[in-house]
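Naming convention: chains lettered A, B, ... in sequence-line order (proteins, then strands); numbering from 1 in each chain.
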Amino acid sequence: MAESDFDKIDAVLHEFEGRKGSLIPILQKTQAQLGFLSKEAMKYISEKTKIPVSEIYGVTTFYTQFRMHPIGKNIIRICHGTACHVADAPEISEALYEELKVEPGGTTKDMKFTVEEVACLGCCSLAPVIMVNDKAYGRLTPSKIKDILAQY
Amino acid sequence: MENSVRIKVGLASCGIAAGGLDVLEKVENFLKEHDVDAQLEHTGCIGMCYAEVLMEIDDEEFGSTMYGYLNAADIDDILNAHFVEKKPLTDHIIFSDKLGGEEKVILDYQTRIVLRNCGVIDPESIDEYIERGGYEALQKVLKDMSPVDVIEEIKESGLRGRGGAGFPTGLKWQFAYNNYADKKYVICNADEGDPGAFMDRSVLEGDPHAVLEGMLIGAYAIGSDTGFIYCRAEYPLAVKRLRIAIEKAKEKGFLGSNIMGSDFNFDLTVYEGAGAFVCGEETALMCSIEGKRGMPTLRPPYPAESGLWGKPTNINNVETYSNVAWIIRNGAKKYAEFGTEKSKGTKVFALTGKIKNGGLVEVPMGMTLRDVIYKVGGGIIEDRKFKAVQLGGPSGGCIPESLLDTPVDYDSLTKTGAIMGSGGMVVMDDTTCMVDMARFFLNFTQDESCGKCTFCRIGTKRMLEILNRITQGKGEPGDIEILEDLSRKTIKGSLCGLGQTAPNPVLTTIKYFRDEYEAHINDKTCPAGVCKDLIKYLIIEDKCIGCGACKRACPVDAITGEKKEVHAINQDICTKCGACMTACKFDAVEKL
């Protein structure tokens, strides 16, 4: 980790100083700053907060939001909620994996895209839906995937 | 100050996903260019999600006009016709006061209590909420009612928890009130995790102050000064609007110390979840707020006795709190006029799946499922055959056509083997495979099980393996019986609602669609044509003219054939994606 990364964590820790039960927001903000939670980052947070590193690791692995590996520049979330499943979401997934040559949860070699399957994005009436970063694309067909990816 | 012309664009997550922001920009530009004096507003979910993007224009000339299915490209034409030529384009109108439009009917069947402000007010404006009677209930409570009065009023209304289990809300408050402690907490469960459900998200995005006011009243009733809203991390817009609402309520003195001049103090914090379905369970949710892994604990003690950090805590979900201010303002009796004997009021549903008018609907309890689907929802897409409706997400079940006249109330739905649940209602037609559906939900619960209880952790895994086998055509006689046995054991051997209800999708599909399981196991066929290992695509020789469209569409080059000659699909290469079937204009590709 770079020196500046430690500073970033310090700033996050400072914000939550003295507030009980703030491990999850600390990890959320650290991840937002650094992109993922490295072993080093978790150890550093443990030293500073006196929360055992085992507990931090436990929390990190429990919640799907936390990542322990670097991610691509853009995150693609494929909705696999019930409405999307009924509307053939698996075919959208296959088209994406085929196009990007990645496995579920994987990152492309050029570090441009990370693809995740999520339970529900809550835009069920637009099913099937994917979200690239913060933008949702609805009423998809496998053939629309290429055009969407080309925008990034 | 007030403009006579008001334009509202629906900007909940669905609206934005459908391109709402582009529409908004176009409208803004048009108003500037043509010097139209209108008040342009954002609003939350209007409910007719199938017709997003939605825009309502309210003026003297035409009254209220709702435009739907909008694209940014259409906006100039629509506004030009409306404001300049004064001849609105009726093609884009969904309903209006003066210009007709049939969709109004959908709203006529509904009773909007929870959604009273959704799609009407700007959720980021506290003044608009106040204009429509907002915070009057809080004032009434602080001025004229004791905590016991409030609890009695809520009890009398018959309000039951809208999170799924349906525990009487007034009674829950009573328990928390009865426990003396130096500190008590109020929590709003906004960890809406059921796939296919977005009721809470829509309320939070469309009317956040209704939730705040309900929590404030609840806090006053039980004697708490600190509250948390535990919101799902996947709902960034809801979190943003909640934070704005809290900020504005503080400015007005509705949150903080000595609220409205009383001696009641209350502080509220939004807590973002980190992505764990099990945190919708109340004890797991509290563990998560404490910064731990969200694993459920044994009840009793119930949260009302020992909850967050060991203190008495009251937890209700978003929809429950949203009912509270309405009840206080209009009276418990008025509320209890809606609904059935044991289930009072209304219920919000996220109506999705193979339904024509999918969206957010609120109906009085006691309406039949058939009416919700065919009258409010407009029936099945392409008028296909109805097969089942899934209620309650991964904790619920699939209800077949023969039970469509079941009224929507807690007890009647429980009798079918499904549950009311939080309000996800996914409609399925004859192209949905019920075994695949059971597999889908079990895949979800198996993945989301926290791992504490053996049967939930391993039982669901074994069940999923069996279902995977069945959908792959490797089912064996006896599989159904093993599934039933494991289901019973998982229900008995699990600590929390997740494990206790995880087998419901399997049990209900076996109960009502046993023939589909048997077709998969004995005949190795999938009647709905969904399970890929059990279907194949074939070209009908008599119909194929050899145009080559399927050959070009095939992503894996599995189709061979010369021009103008009959083509053939190589089954060893075919991945069963169905692209050939979509591409063929002569219906020469069939699925077996």
Does atom [atom1] ([X]) have a neighbourhood of more than 12 heavy atoms from anything else shown, all under 6.0 Å?
X	atom1	result
B:Lys591	NZ	yes
A:Gln151	CD	yes
A:Glu98	CD	no
A:Lys48	NZ	no
A:Lys146	NZ	no

Residue part contacting chain A, namely of [X], when any heavy atom lies under 4.5 Å:
X	answer
B:Cys433	neither
B:Val530	neither
B:Thr431	neither
B:Ala197	backbone
B:Glu290	backbone
B:Ala350	neither
B:Arg293	both

Looking at [atom1] of [X] and [atom2] of [Y], how far apart are the two atoms once the value is rounded to the nearest 0.5 Å?
X	Y	atom1	atom2	answer
B:Cys287	A:Ile24	SG	CD1	9.5 Å
B:Leu360	A:Ser125	CG	OG	9.5 Å
A:His85	B:Arg439	NE2	CZ	6.0 Å
B:Phe198	A:Cys120	CZ	SG	8.5 Å

Let me know if [X] has heavy atoms under 4.5 Å from chain B in its side chain, its backbone, both or neither.
X	value
A:Glu94	side chain
A:Arg139	side chain
A:Ala127	neither
A:Leu121	backbone
A:Lys135	neither

For each of [options], tally heavy-atom pairs with chain A at distances under 4.5 Å, and name the one with the top tally.
options	result
B:Glu234, B:Lys292, B:Met295	B:Lys292
B:Asp436, B:Ile16, B:Thr582, B:Thr575	B:Asp436
B:Phe277, B:Tyr235, B:Phe441	B:Phe441
B:Glu192, B:Lys354, B:Gln390	B:Lys354
B:Ala276, B:Gly196, B:Gly193	B:Gly196

Hey, does the side chain of [X] reach the backbone of [Y] with a donor-acceptor pair shorter than 3.5 angstrom?
X	Y	answer
A:Thr64	B:Gly275	yes
A:Thr82	B:Pro195	yes
A:Gln28	B:Gly273	yes

*Best-contacting candidate, A:Gly81, A:Cys124, A:Cys84, A:Ala83, against chain B by heavy atom pairs under 4.5 angstrom*: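 The answer is A:Cys124.
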
